[in-house]
Amino acid sequence: MFVNFRILALRFIAVLPSLFGLGNASMGASRHSRQPVDIDSGLGPLLSKSASISHSSSAAPRWSDFDAPKPGTVVNVSTEKDVVETVKYCVAHGITFLAQSGAHGWATTFRIGQRDVTINLRGLNSVTFNNEAQPTLTVGGGSIISEVIAVADANGAHVPTGNCNCVGTLGAILGGGVGHLMGLYGLGVDNLVTLNLVNAEGQLVTVDATQDPDLWWAVRGAGPNFGIVTSATLKAYPRADRSVWTGSLIFTEDKIEQIVSTINGLELLAPMSIFLYFATSGAPDYTPTVIVAPFYAGSTADAEAAFASILDIGPVANSMQRYPYTQANFANDALCGKGGRKPSYGSGLSQMVPATWRSIWNEYVEYVKNPAVGNSSVFVECYSFETAKKVPDSSSSYPFRSTVKYTTLVNNWYTDASLDPVAEAFGTKVRDLWRSTDGLAQNSTYVFLEFAFGDEPLGTVYGENVVKLQDLKRKYDPRGRFDQWFPLT
Ligand SMILES: *[C@@H]1O[C@H](CO)[C@@H](O)[C@H](O)[C@H]1NC(C)=O
Ligand SMILES: *[C@@H]1O[C@H](CO)[C@@H](O)[C@H](O)[C@H]1NC(C)=O
Ligand SMILES: *[C@@H]1O[C@H](CO)[C@@H](O)[C@H](O)[C@H]1NC(C)=O
């Protein structure tokens, strides 16, 4: 089959995923729903003028329709007080609720049905730059990553976020917060300065390292179990040249072992990250292809030196170039589309093993012979932990900073629900292969918010912190109002 690799290179950089940074700002739930109540007349008058209550789930469209929550009611909030009123109302009436911002959280642990409420935080999307000695950004719980980057860039600063423009900024951060700039600035949770949270009593409280250290620890890694974060302040980093070097390299499949062992041996300096994808060329041929996407927040000369061992493997196409900071995530924009079925399976790794990746490639090639699943991809994201490792493990409930080096994902994508079993079989098969040589003492997903499927035991997503988190859960949310995402109750 004829494949034009140069066109492919351009196409891949335009369509490929790097989906860390998926998720909602936070989630909440009371355990038992009672009979439907007239929420429009009961809650409506308590909300601000620009809030709205809708009974169509299209008022809160989601990224994946696979096992998605199907609320009977969506409350579009527009102030923090709207969140307070909605939570109080739901708690008083025994209504289960779930907060949503970017709507990319794909976990299958949500139990939201016709009697229940989705609190759509998208209206809380203000972003302001605070020009102080340590500059910060104050971001609303419904802001998405592109909005935060735009304001940071306009003020001459970087801010560590996830890499998908359409994803909720705080949802991605509250599970740990990985992203291209984390080598320079650390994990998202390390860059939180303070946050506002609606707690299980429906009170709006400010949480930071001094005001409530236990809750501060818990929310930074297990956020959705402890409240709805309505706004947060994040560190920003002034930087004259904010542009980045990124793009894609396409390789023939015989290079897989060499690529994997080179990535495994690559020293990831602070400005670096690198992804490896198995993806297809898309319609109509869906030709399986090996793509490497390096990223460097620094000069092109430094980037080419840092990635020399990868470039030397000899890609058949190379679309690396400079992009302004505001376009650093553009490669993922095509993946932002809502809808379709995307059951996704991830695992953390401490090493990259060539034979494992050869087996996964073989599985992938078989799988995408069915063009109906041809938009599905398999990938690994490799970040620099140089800065994150300067922060102790115990500083937050994010459990894996010193053990997990690489984070992987099977990103299924199709529309026909009858393909669910084959997609699930593929996802679990590949995840098993990853786990079989993960080099870790226990199975782990990288960040529970972003990469877990939903069937994982608590230790896989919360690591060693399960017991401490459960203790704090009894203190802060004894009735399990916030029990939608890998519940600790
Ligand atoms: C609620 O917000 C969503 C954006 O998240 C928007 O698409 C929808 O139109 C809003 N619904 C109403 C009734 O305002
Ligand atoms: C793959 O994605 C493209 C672009 O979104 C879409 O046009 C095409 O229909 C998708 N193919 C399948 C099989 O889902
Ligand atoms: C890790 O996951 C694999 C399946 O993917 C399973 O066979 C194994 O028992 C798990 N290990 C632990 C320690 O739970």
Side-chain angles (χ1 to χ4, degrees), residues 11-12 14-17 24-25 40 44 47-65 71 73-78 82 99-104 117-125 140-144 147 166-168 279-286 332-342 345-349 356 367-377 408 410-417 419 423 425 427-445 452-453 455-461 463-464 466:
R11 172 136 40 130
F12 279 120
V15 302
L16 281 171
N24 303 329
D40 300 67
L47 300 177
S48 67
K49 245 169 61 189
S50 28
S52 62
I53 300 176
S54 152
H55 299 283
S56 146
S57 58
S58 65
R62 294 186 60 79
W63 180 71
S64 173
D65 293 334
T73 302
V74 175
V75 180
N76 271 14
V77 297
S78 74
D82 289 338
Q100 169 176 309
S101 54
H104 287 240
V117 166
T118 286
I119 303 175
N120 181 6
L121 302 174
R122 255 321 258 136
L124 296 178
N125 65 346
S143 70
I144 57 173
E147 294 165 347
C166 48
V167 163
T280 76
S281 55
D285 297 330
Y286 297 103
N332 305 316
D333 286 352
L335 281 248
C336 278
K338 300 259 198 298
R341 305 181 76 76
K342 300 161 184 155
Y345 294 78
S347 176
L349 306 176
T356 302
Y367 182 57
V368 297
K369 279 184 180 162
N370 177 0
V373 298
N375 283 339
S376 304
S377 60
T408 62
V410 174
N411 180 206
N412 277 308
W413 196 333
Y414 53 92
T415 50
D416 179 354
L419 292 168
T428 48
K429 174 87 202 212
V430 174
R431 187 177 60 179
D432 285 350
L433 283 165
W434 277 321
R435 286 177 174 174
S436 71
T437 60
D438 62 10
L440 296 165
Q442 60 167 17
N443 294 330
S444 59
T445 53
F453 172 69
D455 61 348
E456 294 85 349
L458 291 182
T460 300
V461 292
E464 311 271 299
V466 175

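Ligands are counted one by one from 1 in listed order, and the atoms in each one are counted from 1 as well. When a residue number appears, it is its place in the shown sequence, counting from 1.
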(message) Which of the numbered atoms in ligand 2 are under 4.0 angstrom from any heavy atom belonging to Pro371?
(response) 13 (C)
Beyond-backbone contact of [X] with [Y], side-chain heavy atoms, under 4.5 angstrom:
X	Y	value
Arg122	Gln100	no
Arg435	Leu440	no
Thr408	Val430	no
Leu349	Thr356	no
His55	Asp40	yes

(message) For Tyr286, state whether at least one heavy atom is located under 4.0 Å from any atom of ligand 2.
(response) yes
(message) Looking only at the side chains, is there a donor atom on one of Ser56 and Ser58 sitting less than 3.5 Å from an acceptor on the other?
(response) yes
(request) Please determine if Tyr414 has a nitrogen or oxygen closer than 3.5 Å to a nitrogen or oxygen of ligand 2. (result) no
(request) Would you please determine whether Arg431 falls within less than 4.0 Å of ligand 3 on a heavy-atom basis? (result) no
(message) Counting only heavy atoms from other residues, nucleotides and ligands, does the tally under 6.0 Å from CD of Glu147 exceed 12?
(response) yes
(request) Report all protein residues having a heavy-atom distance below 4.0 Å to some atom of ligand 1; order the list by chain, then number. (result) Ser52, Ala59, Asn76, Asn120, Arg122
(message) Looking at every non-hydrogen atom in both residues, tell me the closest pair between Ala59 and Ser54 and how far apart they are.
(response) CB-OG, 3.5 Å
(message) How close do Tyr367 and Val373 get, counting heavy atoms only, and between which atoms?
(response) O-CG2, 3.4 Å
(request) Say whether Gln442, considering both its backbone and side-chain N or O atoms, lies within less than 3.5 Å of an N or O atom on ligand 3. (result) no
(request) Answer side chain, backbone, both or neither: which part of Ala283 comes under 4.0 Å from ligand 2, heavy atoms only. (result) neither
